[in-house]
Visitor: 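Here you go, one structure.
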2 protein chains.
Amino acid sequence: MKNLTKRQEEILNLIKAHILDLGIPPTRADIARSLGFKSPNAAEQHLRAIEKKGFIKILSGASRGIVLNDNENDQIPVIGLVAAGGPILAEENIEKTIPRSNNLLSADVDYYLRVKGDSMVDIGIFEEDLIGVSKSANMKVGSVVVARINNEVTVKTLIEMSQNKVVLRPENQKYDDIIINPQVEELAIEGSCIALLRESI
Amino acid sequence: MKNLTKRQEEILNLIKAHILDLGIPPTRADIARSLGFKSPNAAEQHLRAIEKKGFIKILSGASRGIVLNDNENDQIPVIGLVAAGGPILAEENIEKTIPRSNNLLSADVDYYLRVKGDSMVDIGIFEEDLIGVSKSANMKVGSVVVARINNEVTVKTLIEMSQNKVVLRPENQKYDDIIINPQVEELAIEGSCIALLRESI
DNA sequence: ATAATTACTGTAATTATATACAGTATATTG
DNA sequence: CAATATACTGTATATAATTACAGTAATTAT
């Protein structure tokens, strides 16, 4: 997707604002009026350019037929089983996507991860729950994190983290702490858990 | 807001679907085509009726000028502490509201209730969690329900329900079953729990 | 250097769309 | 029992809107 020029971006923002405000896209004349063009054709040509760059779709013949294309950012992926090898967010791991909604849970959730196993039941994280994971949230000792140990993805509490010793604790008395030397074993902390969804009780 | 007729509701749903699908409202002709009307005027008159009842606004002169009057139904209330006496959904109990989003959790959630206490930790319901409550979902033995006993609101598992004996079980070994005779004590089952949200881990 | 892109004006035709007016028929409400 | 609401057909028209064609001028890419 090529970059828009300053003017094109201005027009795209105008379209978004119009939709947000009135619920319907603007006409060419609306755009021309808003930006002071004396010809609706100026708007038409800008729209063509914006369409060519992939940001909108123009429905030919339809009035106000401007469809925004940029909604993939509004969808948060739900990750089911993580295939060994590839990155967590690889296409094949995405079970479904759910629309991001502003106030519902934190805006920092980058993806949801479906919980497998019972290793975190003591802090109320159950099998099949969806954990909201942030890749950027600051993670400190005590955080619940998504870790990847030798290509296996797991959710645990981070207890200790130093150059040659990382301790991950399952929150279930049945299981023992996992102690790893990151210089020997492959370890990556993928993100930290900041929210939880349970779709059925 | 008056009730819509079956046909009017059908048309309103069509409008919503059209917007969801294409991002723009339908024209009168679109509606007529979809429903098999032979005259666009049939659609026009329905729109007038729906506007009169307050569900939409028609922007006169504008093509596709159908604006949905967002009903407050799109906001789901979050109930904090429930004041004694009044109904759960009373104004003073509403801590905040969150927008309903289509695919995220079930559409049947009527309100969220903030959990107090640790009586349900064994099934992963913790203090401060938000429980999605449905007033209409069918509740059977084994369901987690929101109950009101002598004006106190509580979340428990429904174990038995007959004319003169209702058993509610806290999911925490520390606590004993609550056995109530609804003919002696005041008891109301307000809804059943169908989802869970945890805003911080 | 030349072509393509950006950013417009200006005019005009065609089509898309809203909407008025005139009816028909049935159901519901005061 | 009359008035109003519901649920349409059918025709017509003004206007809203897309979109083609013909230009001008500056900037940017090849």
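Lettering of chains follows the sequences in order, A, B, ..., and the numbering in each one begins at 1.
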Visitor: By side-chain contact (heavy atoms from CB on, under 4.5 Å), which residues pair with Ile178(B), not counting sequence neighbours?
Guide: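 Only Ile149(B), Lys156(B), Leu168(B), Ile180(B) meet the side-chain contact (heavy atoms from CB on, under 4.5 Å) criterion with Ile178(B).
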Visitor: Output yes when at least one side-chain N/O atom of Ser39(A) is less than 4.0 Å from OP1 or OP2 of dT11(C), else no.
Guide: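 Checking Ser39(A) against dT11(C): no side-chain N or O falls below 4.0 Å of OP1 or OP2.
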Visitor: Under a 4.0 Å heavy-atom cut-off, which of residues 44-51 of chain A touch DNA chain D?
Guide: Glu44(A), Arg48(A)
Visitor: Which heavy atom in Leu196(B) sits nearest to a heavy atom in Leu196(A), and how many Å separate them?
Guide: CD2-CD2, 3.6 Å
Visitor: Please enumerate all residues that pass side-chain contact (heavy atoms from CB on, under 4.5 Å) together with Ala17(B), with sequence neighbours excluded.
Guide: none
Visitor: Reckon Lys52(B) has a side-chain N or O less than 4.0 Å from the OP1 or OP2 of dT6(D)?
Guide: no
Visitor: Rounding to 10°, can you tell me the angle the first-five-pair axis of the helix from dA1(C)-dT30(D) to dG30(C)-dC1(D) makes with its last-five-pair axis?
Guide: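 Between the first-five-pair axis and the last-five-pair axis there is 40°.
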Visitor: Using whole Å, what does the distance between atom P of nucleotide dT18(D) and atom CD1 of Ile66(A) come to?
Guide: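 Those two atoms, CD1 and P, are 7 Å apart.
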Visitor: Quick one: list whatever passes side-chain contact (heavy atoms from CB on, under 4.5 Å) with Ser162(B), sequence neighbours left out.
Guide: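 Scan of Ser162(B) (side-chain contact (heavy atoms from CB on, under 4.5 Å), adjacent residues dropped) gives Glu160(B), Asn164(B), Lys165(B).
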Visitor: Atom CD1 of Ile56(B) to atom P of dA18(C): distance rounded to whole Å?
Guide: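 Ile56(B) atom CD1 is separated from dA18(C) atom P by 11 Å.
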Visitor: To the nearest angstrom, how far is Gln8(A) atom CD from dC8(C) atom C1'?
Guide: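 My rounded result for the distance is 13 Å.
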Visitor: Got a sec, which residues hit side-chain contact (heavy atoms from CB on, under 4.5 Å) with Asp21(A), two or more places apart in sequence or on another chain?
Guide: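 Asp21(A) satisfies side-chain contact (heavy atoms from CB on, under 4.5 Å) with no other residue.
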Visitor: Send over the distance from Leu4(B) CG to dA7(D) P, rounded to a whole Å.
Guide: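 Computing the Leu4(B):CG to dA7(D):P distance gives 10 Å.
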Visitor: Any N/O pairs under 3.5 Å between the protein and nucleotides 13-17 of chain D? List them or say none.
Guide:
residue, atom, partner, partner atom, Å
dA16(D), O3', Gly61(B), O, 3.4
dA17(D), OP1, Arg64(A), NE, 3.4
dA17(D), OP1, Arg64(A), NH2, 2.6
dA17(D), OP1, Ser63(B), N, 3.0
dA17(D), OP1, Ser63(B), OG, 3.0

Visitor: When rounded to the nearest 0.5 angstrom, what distance separates CG in Leu197(B) from CD in Glu199(A)?
Guide: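 Leu197(B) atom CG to Glu199(A) atom CD measures 10.5 Å (nearest 0.5 Å).
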Visitor: Using the salt bridge (charged side-chain N to carboxylate O under 4.0 Å, His left out) criterion, which residues pair with Glu171(A)? Sequence neighbours excluded.
Guide: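 If we apply the salt bridge (charged side-chain N to carboxylate O under 4.0 Å, His left out) test to Glu171(A), skipping adjacent residues, there are no hits.
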Visitor: Measure from the side-chain heavy atoms of Asn41(A) and tell me the nearest of dC8(D), dC21(D), dA7(C).
Guide: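 Closest of the options to the side chain of Asn41(A): dC21(D).
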Visitor: Send over the distance from Lys38(A) NZ to dG23(D) C1', rounded to a whole Å.
Guide: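 Roughly 16 Å, once rounded to whole Å.
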Visitor: How many whole angstroms separate atom CZ of Phe37(A) from atom P of dG23(D)?
Guide: 23 Å
Visitor: List the atom of Leu113(B), the atom of Gly80(B), and the distance in Å for their closest heavy-atom pair.
Guide: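 Closest pair (atom of Leu113(B), atom of Gly80(B), distance): CD1-O, 4.3 Å.
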Visitor: Who passes side chain to side chain donor-acceptor pair (under 3.5 Å) against Glu128(B), sequence neighbours left out?
Guide: Lys116(B)
Visitor: Of all residues at least two apart in sequence or in a different chain, which pass the side chain to side chain donor-acceptor pair (under 3.5 Å) check with Glu127(B)?
Guide: none
Visitor: Does dT5(C) have its OP1 or OP2 closer than 4.0 Å to a side-chain nitrogen or oxygen of Thr5(A)?
Guide: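 It does not, given that no N or O in the side chain of Thr5(A) lies less than 4.0 Å from OP1 or OP2 of dT5(C).
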Visitor: In terms of side-chain heavy atoms of Ala42(A), which of dT19(C), dT9(C), dT19(D) is nearest?
Guide: dT9(C)
Visitor: For Arg169(B), what residues pass the salt bridge (charged side-chain N to carboxylate O under 4.0 Å, His left out) criterion, not counting sequence neighbours?
Guide: Asp177(B)
Visitor: Measure from CD1 on Ile11(B) to P on dT6(D) and round the result to the nearest Å.
Guide: 12 Å
Visitor: Just how far, in rounded Å, is P of dT18(D) from CD1 of Ile31(A)?
Guide: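 About 8 Å, once rounded to whole Å.
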Visitor: Kindly state each residue pair satisfying ring-ring contact (aromatic ring centres under 6.0 Å, His included) with at least one member in residues 27-48 of chain A, sequence neighbours excluded.
Guide: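 Passing the test, one end in residues 27-48 of chain A: Phe37(A)-His46(A).
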